[in-house]
Amino acid sequence: MDRPSGWITDEFKEAYTILHQLGWAHSIEVWDRTGDLMGGLYGVAIGGFFAGESMFHLARDASKVALVHLMVVMSDGGSLVDVQWQTPHLESMGAIVIGRDEYLDRLPVALDTAGPHVFWAG
């Protein structure tokens with residue numbers, strides 16, 4: 001861990017590695033022209049549902065570019081992207097808070113919606 005109170009433990013990394021190998025965990029990455037990773041986000045995708053885990057950036061707005069790209073990829077009807085909680089950063093990009101009942105209504109539809117499998121495979 002990089003931080004004493006950090007939550008990305010070795011066990012967490014191992015679990016996400018396994019989820020990725022199984023085809024469930026995915027990252028959306030932003031690279032610069034020289035091939036350096038500048039930012040992105042990662043999470044778990046099931047059908048048309050994406051549960052975002054974390055975003056990061058090494059260059060200004062790189063995580064925003066990744067999120068915009070994710071939203072374009074997930075823009076088919078029935079998709080649901082869970083960003084965990086509303087922040088000013090996410091709100092500025094169009095994230096909205098929905099109540100538990102609406103979330104639970106949308107979730108099975110998203111799970112049954114075909115996800116962007118070509119994107120995840122590429």
Within this structure, what is the [atom1]-[atom2] distance for the pair [X] and [Y], rounded to the nearest 0.5 Å?
{"X": "L111", "Y": "I46", "atom1": "CG", "atom2": "CD1", "value": "6.0 Å"}
{"X": "D61", "Y": "L67", "atom1": "CG", "atom2": "CG", "value": "11.5 Å"}
{"X": "H57", "Y": "M38", "atom1": "NE2", "atom2": "CE", "value": "11.0 Å"}
{"X": "S54", "Y": "Y16", "atom1": "OG", "atom2": "OH", "value": "9.0 Å"}
{"X": "L19", "Y": "E14", "atom1": "CG", "atom2": "CD", "value": "11.0 Å"}
{"X": "I96", "Y": "Q86", "atom1": "CD1", "atom2": "CD", "value": "8.5 Å"}

Is it the case that one hydrophobic cluster holds both [X] and [Y], taking links as side-chain heavy atoms less than 4.5 Å apart, direct or via other members?
{"X": "F56", "Y": "I8", "value": "no"}
{"X": "V81", "Y": "I28", "value": "yes"}
{"X": "F50", "Y": "V68", "value": "yes"}
{"X": "V65", "Y": "L41", "value": "no"}
{"X": "V44", "Y": "F49", "value": "yes"}

Minimum heavy-atom distance between [X] and [Y], given as atom pair plus value:
{"X": "L58", "Y": "L37", "result": "CD1-O, 3.3 Å"}
{"X": "T113", "Y": "V109", "result": "OG1-O, 2.7 Å"}
{"X": "M55", "Y": "K64", "result": "CE-N, 4.4 Å"}
{"X": "G40", "Y": "S63", "result": "O-CB, 4.0 Å"}
{"X": "A66", "Y": "V30", "result": "N-CG2, 3.7 Å"}
{"X": "V72", "Y": "S75", "result": "O-OG, 2.8 Å"}

*Are the side chains of H20 and Y42 in touch, meaning some heavy atoms are under 4.5 Å apart?*
no
